Amino acid sequence: MNRYLFARELGNPLARGLEIYKTTRLWHSLEKSIPENSFHSQHSAHGVNALDIEKQQGRYLLSGGADGGVGVWDLDMLSVATNPVKPVAAVSNGPQSHKFGISSIIYYPSDPGLFVTASYDKSVKVWDTSEMSIAFTFNLGMVPHSIAMGPRAYHALVAVSSTSPTIRLLDLGSGGATHSLVCGATFAVNWSPRDEYLLASGGNDGTVRLWDIRMAASCIACLDMNNSGRERLDKRNRAHDGAVNGITWSEDGESLVTLGHDEKIRVWDLATGQNTLTSFDPVIRNRRQHTFNPVLTTLRQSDPQIVFIPSVSEVVGFYIAEGNVVLKHLVTQHKINALVCRTHLTELYYGTSGGEIHRLTPSCIAENEDEDEATEATEMDVLDTIYRSLVQNPIIFT
């Protein structure tokens with residue numbers, strides 16, 4: 001702490017570490033926000049199945065309900081509203097909405113004016129956010145579990161994991177499916193943030209596969225949790241002893257975090273394809289037939305990085321490098337169906353089977369704040385003394 005403060009006084013780039021240090025402390029102090037009923041009960045009759053926050057401003061939250069309805073929420077209203085915030089736009093039961101519950105919902109990565117929903121009615125719909133109208137519908141003939149779009153991709157492909165033995169790639173540009181990746185039923189898919197053509201998938205059989213969609217033989221690796229040294233496409237390779245229902249890439253695309261029905265979290269080094277063998281504390285419960293992509297903080301937000309996992313009614317945070325628990329909160333009486341991070345602020349949002357949307361916000365304990373203020377005051381006195389000693393003698397140029 002002292003070196004960060006001293007670096008800030010001297011204008012040293014090391015002072016960037018002070019911001020990361022402070023933000024890391026905020027992640028550690030997350031707790032359920034007060035008042036608890038910050039959001040209007042838009043999906044109360046059935047439940048909230050999916051959430052997403054647009055990345056450009058980090059302001060608008062999408063919610064998809066088990067009733068097939070969709071809501072758009074202005075998160076900036078939470079700081080000024082005295083009553084529960086209502087959605088700024090919504091579609092409930094009707095000809096525009098899905099017939100059954102929504103399984104996944106995502107914003108278009110580069111334009112929040114478009115979003116995509118997948119539903120148990122075996123369809124994927126593309127929506128115009130401003131009009132809350134359907135631009136296009138893909139009828140799949142299979143139940144989609146999750147959908148994903150590349151965060152920096154030039155293509156407009158939507159990857160769809162489903163109960164069928166293929167991953168479908170839907171092209172928003174042409175309105176059709178480009179091709180399918182044969183791999184068995186899958187729960188989770190996610191695109192690499194660095195390579196626009198690289199896709200990761202999690203299968204019901206415990207496999208995690210990497211795909212290069214440009215190649216005829218698209219599967220380039222099947223990850224092995226035992227690091228046995230077998231061929232990278234060996235059919236015996238398994239990433240989990242159970243279905244894989246969560247996949248998240250690190251921001252640099254060099255690591256992968258996976259979650260399985262064996263109630264294990266695994267971190268993979270993609271430079272080698274090896275399991276890092278990080279031992280996470282065995283405190284999570286994960287047996288549900290639902291996709292839960294782990295929420296991973298960036299290195300700009302915390303060091304070491306923290307990964308957050310929904311565990312039935314709890315939110316659990318782990319250090320990704322060491323595996324130890326840094327946060328564990330019982331946040332609802334219902335089951336958590338969705339968990340997302342507001343990247344511009346230190347906040348988590350979650351949706352429950354009871355139809356509620358809540359958030360976790362930083363809370364600084366009063367006694368710790370007083371102690372920190374006293375410590376910082378002492379440190380500032382020391383820095384002032386050092387600064388005065390440096391500038392008290394005049395500098396003479398000859």
Side-chain angles (χ1 to χ4, degrees), residues 26-27 29-94 96-98 101-108 111-117 119 125 127-133 292-293 295 301 308 310 313-315 329-364:
L26 293 178
W27 284 117
S29 67
L30 288 181
E31 66 176 19
K32 196 172 182 179
S33 65
I34 299 175
E36 295 184 1
N37 58 340
S38 301
F39 293 87
H40 180 73
S41 54
Q42 175 72 14
H43 307 286
S44 60
H46 300 85
V48 178
N49 279 357
L51 296 173
D52 193 30
I53 298 177
E54 48 90 12
K55 303 299 188 295
Q56 281 69 32
Q57 302 179 66
R59 178 176 176 178
Y60 294 102
L61 171 75
L62 272 176
S63 64
D67 58 352
V70 176
V72 181
W73 311 79
D74 186 350
L75 300 181
D76 285 354
M77 294 297 295
L78 295 173
S79 59
V80 297
T82 56
N83 297 317
V85 173
K86 294 184 178 181
V88 295
V91 174
S92 301
N93 292 331
Q96 290 274 18
S97 62
H98 287 283
I102 290 174
S103 58
S104 186
I105 190 167
I106 56 171
Y107 271 110
Y108 190 81
D111 183 6
L114 198 71
F115 67 90
V116 186
T117 58
S119 169
K125 296 180 183 291
W127 300 74
D128 181 338
T129 309
S130 60
E131 300 291 335
M132 290 302 287
S133 60
F292 296 106
N293 288 329
V295 175
Q301 296 174 320
F308 294 99
S313 300
E314 298 178 324
V315 174
H329 286 317
L330 178 64
V331 294
T332 179
Q333 297 178 345
H334 305 284
K335 295 178 180 179
I336 299 174
N337 287 343
L339 180 68
V340 292
C341 171
R342 192 177 184 188
T343 55
H344 294 65
L345 295 172
T346 313
E347 295 178 346
L348 294 176
Y349 291 79
Y350 59 94
T352 73
S353 58
E356 305 163 342
I357 301 175
H358 292 299
R359 61 173 176 163
L360 296 177
T361 56
S363 173
C364 297

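A quick note: this is a predicted structure, and the numbers were derived from the prediction, not measured.
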Show the nearest heavy-atom pair for residues [X] and [Y], with the distance to one decimal.
| X | Y | result |
| --- | --- | --- |
| Ser104 | Ala50 | CA-CB, 3.9 Å |
| Ile102 | Gly68 | CD1-O, 3.8 Å |
| Gln56 | Asp111 | NE2-N, 4.2 Å |
| Cys341 | Val295 | CB-CG1, 3.4 Å |
| Gly101 | Ser119 | O-OG, 2.9 Å |

Distance, nearest 0.5 Å, that separates [atom1] of [X] from [atom2] of [Y]:
| X | Y | atom1 | atom2 | value |
| --- | --- | --- | --- | --- |
| Leu345 | Arg359 | CG | CZ | 9.0 Å |
| Gln57 | Leu75 | CD | CG | 11.0 Å |
| Ser133 | Lys125 | OG | NZ | 11.5 Å |
| Leu62 | Thr129 | CG | OG1 | 6.5 Å |
| Leu360 | Thr346 | CG | OG1 | 12.0 Å |

Is there a side-chain contact between [X] and [Y], using heavy atoms and a 4.5 Å cut-off?
| X | Y | value |
| --- | --- | --- |
| Leu30 | Pro362 | yes |
| His358 | Val331 | no |
| Val48 | Tyr350 | no |

Check against side chain to side chain contact (heavy atoms under 4.5 Å, CB included), Val88 and Trp73: CA-CA 6 Å; Val88 295; Trp73 311 79; over 6 Å; no
Donor on one side chain, acceptor on other, Thr117 and His98, under 3.5 Å: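 Short answer, yes.
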Non-neighbouring partners of Glu54 that pass side-chain hydrogen bond (donor to acceptor under 3.5 Å, both in side chains), sequence neighbours left out: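 Glu54 satisfies side-chain hydrogen bond (donor to acceptor under 3.5 Å, both in side chains) with no residue once adjacent residues are dropped.
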side-chain hydrogen bond (donor to acceptor under 3.5 Å, both in side chains) against Ser103, all qualifying residues, sequence neighbours excluded: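 None.
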[X] side chain to [Y] main-chain N or O, any donor-acceptor pair under 3.5 Å?
| X | Y | value |
| --- | --- | --- |
| Ser97 | Gly69 | no |
| Lys86 | His40 | no |
| Ser63 | Leu51 | no |
| Asp52 | Tyr107 | yes |
| Thr352 | Ile336 | no |
| Asn337 | Gly351 | no |

Full working for side chain to side chain contact (heavy atoms under 4.5 Å, CB included) between Val72 and Met132: CA-CA 9 Å; Val72 181; Met132 290 302 287; 4.0 Å; yes
From CA spacing to verdict: side chain to side chain contact (heavy atoms under 4.5 Å, CB included), Leu348, Trp27: CA-CA 9 Å; Leu348 294 176; Trp27 284 117; 4.2 Å; yes
Phe39 and Leu61: CA distance, side-chain angles, deciding distance, side chain to side chain contact (heavy atoms under 4.5 Å, CB included) verdict: CA-CA 11 Å; Phe39 293 87; Leu61 171 75; 4.1 Å; yes
Pairing residues for Phe292 by the ring-ring contact (aromatic ring centres under 6.0 Å, His included) criterion, not counting sequence neighbours: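 Phe292 satisfies ring-ring contact (aromatic ring centres under 6.0 Å, His included) with His290 once adjacent residues are dropped.
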